[in-house]
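To start, the structure under review is shown below, and the notes come after it.
Order of the sequence lines fixes the chain letters, A, B, ..., with proteins taken first and strands second; residue numbering starts at 1 for each chain.
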Amino acid sequence: MSRNYRDTLHLPKDEQTIPMRANLPEQEPRWQAFWREIDLYGKMLAKPAPNGDFILHDGPPYSNGDIHIGHALNKTLKDIVVRSYCMRGYRTPYVPGWDNHGMPIENAVSKEFLARGEKPDKATLRRACREYAQRFVDIQREQFERLGLVGEWERPYLTMDYAFEAGIVRVFGELVARGYIYRGLRPTLWCPTCQTALADAEVEYEPKVSDSIYVAFPVVKPPSDAPATDNLQILIWTTTPWTIPANLALAVHPDLEYAYVRANGAVYLLAQPLVAPTMEAVGVRDYTVLGTTTGAQLEGAIARHPIFERESPVVLADYVSAEDGTGVVHTAPGHGAEDFATGKKYGLPVLCPVDAAGVFTDEAGEFRGLPITPDGNRAVIERLRSVGALLHYEPYHHNYPHCWRCDTPLIFRATVQWFMSIDHAGHRARALEAIRGVRWIPAEGEARITAMVQNRPDWTLSRQRAWGVGIPAFYCEACGEAILQSDLIERVAGIIEREGSDVWFTHPADYFLPDGFACPHCGATRFRKETDVLDVWFDSGSTHRLVLETRPHLRWPADLYLEGSDQHRGWFNSSLMIAIGTRDAAPYRTVLTHGFVLDGEGRKMSKSEGNVVSPLEVIQKMGADVLRLWVASCEYFEDVRLSDEILKYVADAYRQIRNTLRFMIGNLADFDLARDAVPYAQLNELDRWMLARLQEYLRYALHAYESFEYHRFYHETRRFCNVELSAFYLDVIKDRLYAEARESAARRGAQTVLYELASALTRLLAPIIPHTAEEVWQRLPAPDKPVSVHLADFPAVREEYRNAALLERWERILEVREAVNRAVEAAKNEKRIPNPLSAHVLVHAPEPLYGVLGAYPTPTAPDNLLARVFGVSQAEVAPADGALQVEVRPAPGQKCARCWLVLPTVDAETELCARCRAVIGA
RNA sequence: GGGCGCGUAGCUCAGUCGGUUAGAGCGCACCCCUGAUAAGGGUGAGGUCAUUGGUUCGAAUCCAAUCGCGCCCA
């Protein structure tokens with residue numbers, strides 16, 4: 001039984017380092033409390049910022065429901081940006097915001113009223129919406145803070161704040177003043193029972209039996225290549241006969257092939273691929289195809305409306321398909337979104353002879369007064385039959401949009417809406433030019449938003465809703481004209497700023513108008529207010545004006561917008577429209593987008609699939625730092641994946657990084673940087689190698705941060721910790737740390753390097769795992785360190801530590817180390833030695849390798865660097881002619897009872913090697 | 001159906017201008033250690049680069065089609 005020298009070693013003690021088990025769910029809130037206590041965010045802003053401001057403008061999440069994994073990805077990325085820019089010497093204010101108005105909250109609140117059998121007026125409903133929104137702002141704020149996000153949580157921006165609502169009205173007023181805003185007809189999904197417009201999200205598709213008809217339109221101006229006939233007719237098919245009175249055009253696809261078909265004594269024109277099915281459907285057996293043409297050839301031909309004395313020109317449209325019908329689409333711009341767009345392109349009017357209740361108006365002529373279904377349908381069909389235009393009728397089963405409240409089949413009906421013109425004053429072209437001046441990351445984003453801005457129609461700003469900012473327009477009760485004036489809008493804004501936008505719904509028009517105001521059109525003095533509210537995309541599209549320009553520590557434009565790639569159509573787009581319309585420039589300099597979070601198989605997460613990962617659960621079970629490390633591990637420019645399996649691997653990575661830091665901190669317990677640091681020139685070669693390696697790692701890591709490629713940082717850090725530190729450097733220096741004299745240069749030198757490593761790693765990891773980094777930072781033995789790691793700067797690359805020649809030489813040594821490992825492993829397997837520390841290694845090294853290895857000290861010296869690097873007790877190098885060869889044999893001598901090296905200098909009396917005898921003075 | 005993208009070991013990621021046998025870390029298997037111990041070390045096995053076709057002396061890389069997946073539209 002050997003004597004116990006354990007107490008004479010400088011082993012790390014548990015209580016002098018961070019615990020191995022992180023217990024993040026419990027510890028993280030304590031660090032968050034610490035940050036609040038020291039006002040971390042305030043201190044971050046107060047810290048010197050040699051690189052100036054960096055403004056990340058937060059896109060507002062909707063204040064409804066708990067946060068989901070998409071929020072976690074987005075906000076964590078933002079937090080990494082904010083914290084890392086701060087540590088890179090920027091001043092980084094971050095004002096989080098929420099989007100409060102809109103349909104989902106209004107609907108949720110309406111349901112609550114409905115459940116209680118109440119029918120609230122608009123003011124009551126709006127008050128309940130405001131409370132509801134505030135409740136979820138508070139809930140989400142707490143959840144975001146639990147994620148560890150740093151920012152201005154005490155003073156976020158809310159789109160329902162009075163000042164914000166007033167600001168929205170003023171931005172709208174600016175667009176009015178610049179001539180962007182107009183009123184016009186546009187088809188919207190309409191419920192004739194509820195007599196209201198519906199949003200797409202309120203539509204439910206259900207099976208329905210419709211009246212489908214084939215109708216012939218007589219041609220009055222035939223296409224140039226038409227066969228000679230005095231009875232050419234164009235065939236259409238529709239499932240909504242009641243829209244025939246509103247027909248203004250016939251649409252064909254330019255690239256589709258069309259056929260002239262002789263049958264029934266007439267010549268019919270329809271899509272060639274649909275000739276056979278159509279003839280069969282209408283019961284025609286004998287027919288002849290006289291010739292074919294293309295859709296493009298048909299443009300300019302003119303048909304006559306089968307009922308009314310009116311022309312119906314042939315127009316081209318890409319959405320026409322040869323899937324069903326006749327390949328010719330009956331086009332009624334007042335009754336369909338596509339029809340409307342085509343009508344606009346060809347300058348057709350928007351005819352909508354149907355009122356709010358779904359009854360034909362005077363414009364429907366003989367059909368006036370009939371409800372469109374079923375009477376209107378029937379009357380139209382009968383009329384078509386009587387004029388000989390009806391080729392066939394049959395019931396048709398399909399899925400059709402229904403009202404989610406009352407289950408009534410919906411109709412498309414043109415209604416008067418407010419618009420922002422996208423082509424006013426060269427707006428679209430200026431927007432496209434501004435896009436070119438923005439940096440889009442990844443670069444594909446530019447093509448995406450460019451296509452969307454190129455193709456987007458005018459912006460429909462009005463919504464027939466309650467929970468939003470009222471459109472500040474008045475109508476003259478006498479002449480009915482709409483009154484939209486900048487001065488009146490400013491008056492309204494001023495009142496809203498004081499009283500909130502509810503006031504628009506609780507007070508009469510007089511309240512907002514100056515005394516004696518008279519209608520500019522007719523001079524009358526009685527007015528009513530517009531009841532529509534603004535699209536919520538207008539709210540969020542205004543945030544750059546109402547947040548960046550109103551808070552003194554912010555600035556317009558923002559340096560960065562960072563959102564999911566769906567916002568190319570959403571927020572990036574609406575913000576750009578308003579910025580170009582009011583400030584003539586883009587509101588952002590850089591736009592960074594991330595993908596969506598999918599499950600482990602790359603599929604969309606959905607409740608019904610049961611593959612949803614809740615960030616709240618992950619935080620509760622594993623901690624926010626693990627979730628954040630997952631975010632950093634992802635190449636997020638594309639879609640990212642998340643599953644329990646993936647989280648398990650990330651948690652493993654977290655533990656490995658944590659343990660590496662734990663070991664370093666533990667071995668720095670008796671180290672004081674000011675007192676004990678060893679000057680670079682006195683460090684041994686391995687230590688200098690480590691510092692050189694650290695600089696290379698730093699270069700890579702800092703570059704990864706600069707390019708927002710956190711996953712590259714993550715991977716390199718993992719590799720650095722596992723391969724270069726744990727498996728090599730830290731393992732090799734254990735002998736020095738534990739066994740050399742406490743104050744020796746050998747031990748203090750290793751600690752000096754440990755300090756550099758721990759300090760650099762902790763700071764670099766801080767933006768990603770802020771709680772863990774803080775935990776380590778508080779243990780780091782540095783004099784005059786900032787109170788929080790988040791107030792420190794990123795480590796800089798120290799050029800004086802870089803050393804290419806040294807790295808190159810050690811590249812060779814590490815190759816030999818691998819050969820030694822293989823030889824030792826073989827010896828172990830052959831039972832020639834029990835373990836590496838009982839081995840003596842003889843390396844037969846050919847030139848030029850021998851020139852490198854031969855320069856190191858003698859085989860059995862306690863400071864035999866090669867033996868330590870190889871992880872054996874003794875190592876020798878001999879010149880060789882052939883290939884590199886490694887001989888392994890049991891090391892001669894005895895095992896030192898203190899340092900466990902097998903050395904010939906161990907004496908029987910003390911069981912200690914010469915080095916250990918000297919160290920403990922035995 | 002259209003626009004924009006993605007697809008490289010079990011997982012997460014590299015892979016430059018087309019050029020050796022496609023790399024890394026983790027995980028996995030086996031072994032060692034018990035002085036980082038709910039840790040640490042060593043060795044090793046894993047890939048038809050989604051599929052098919054093409055261009056080329058040569059393709060993970062360029063082109064086309066197909067399949068699968070995602071976002072935005074219809």
Is there a donor on the side chain of A/Ser726 or the base of B/A36 sitting less than 3.5 Å from an acceptor on the other? yes
May I ask you to verify whether the side chain of A/Arg448 and the base of B/C71 hold a donor-acceptor pair under 3.5 Å? yes
Choose from B/G25, B/G35, B/C6 the nucleotide whose nearest atom is closest to any side-chain atom of A/Glu638. B/C6
Nearest-nucleotide pick for A/Ile646, side chain only, options being B/C11, B/G42, B/C72: B/C11
Sugar-phosphate only, base, or nothing, as touched by [X] at under 4.0 Å among non-hydrogen atoms:
X: A/Ala447; answer: nothing
X: A/Lys648; answer: nothing
X: A/Asn659; answer: base
X: A/Met664; answer: nothing
X: A/His715; answer: base
X: A/Trp630; answer: nothing
X: A/Lys828; answer: base
X: A/Arg712; answer: sugar-phosphate
X: A/Val650; answer: nothing
X: A/Leu598; answer: sugar-phosphate
X: A/Glu716; answer: nothing
X: A/Pro442; answer: nothing
X: A/Tyr319; answer: nothing
X: A/Gly602; answer: sugar-phosphate

Return the value, rounded to whole Å, for the distance between atom NZ of A/Lys13 and atom C1' of B/U37. 17 Å
In whole angstrom, give the distance that lies between atom CD1 of A/Ile665 and atom P of B/A39. 20 Å
So what is the 5' to 3' dot-bracket string for RNA chain B, if pairs are Watson-Crick or G-U wobble with both distances under 3.5 Å, crossing pairs use [ ] and | means the partner sits on another strand? (((((((..((((.....[...)))).(((((.......))))).....(((((..]....)))))))))))).
Answer yes or no as to whether B/G35 has its base stacked against A/Tyr738, where stacking requires a ring-centre separation under 5.5 angstrom and planes under 30 degrees apart. no
Distance, [atom1] atom - from [M] to [N], rounded to whole angstrom:
N: B/G58; M: B/C31; atom1: C1'; answer: 43 Å
N: B/G7; M: B/U61; atom1: P; answer: 12 Å
N: B/G40; M: B/C6; atom1: C1'; answer: 39 Å

If the glycosidic angle sits within 90 degrees of zero it is syn, else anti. Tell me which applies to B/G46. syn
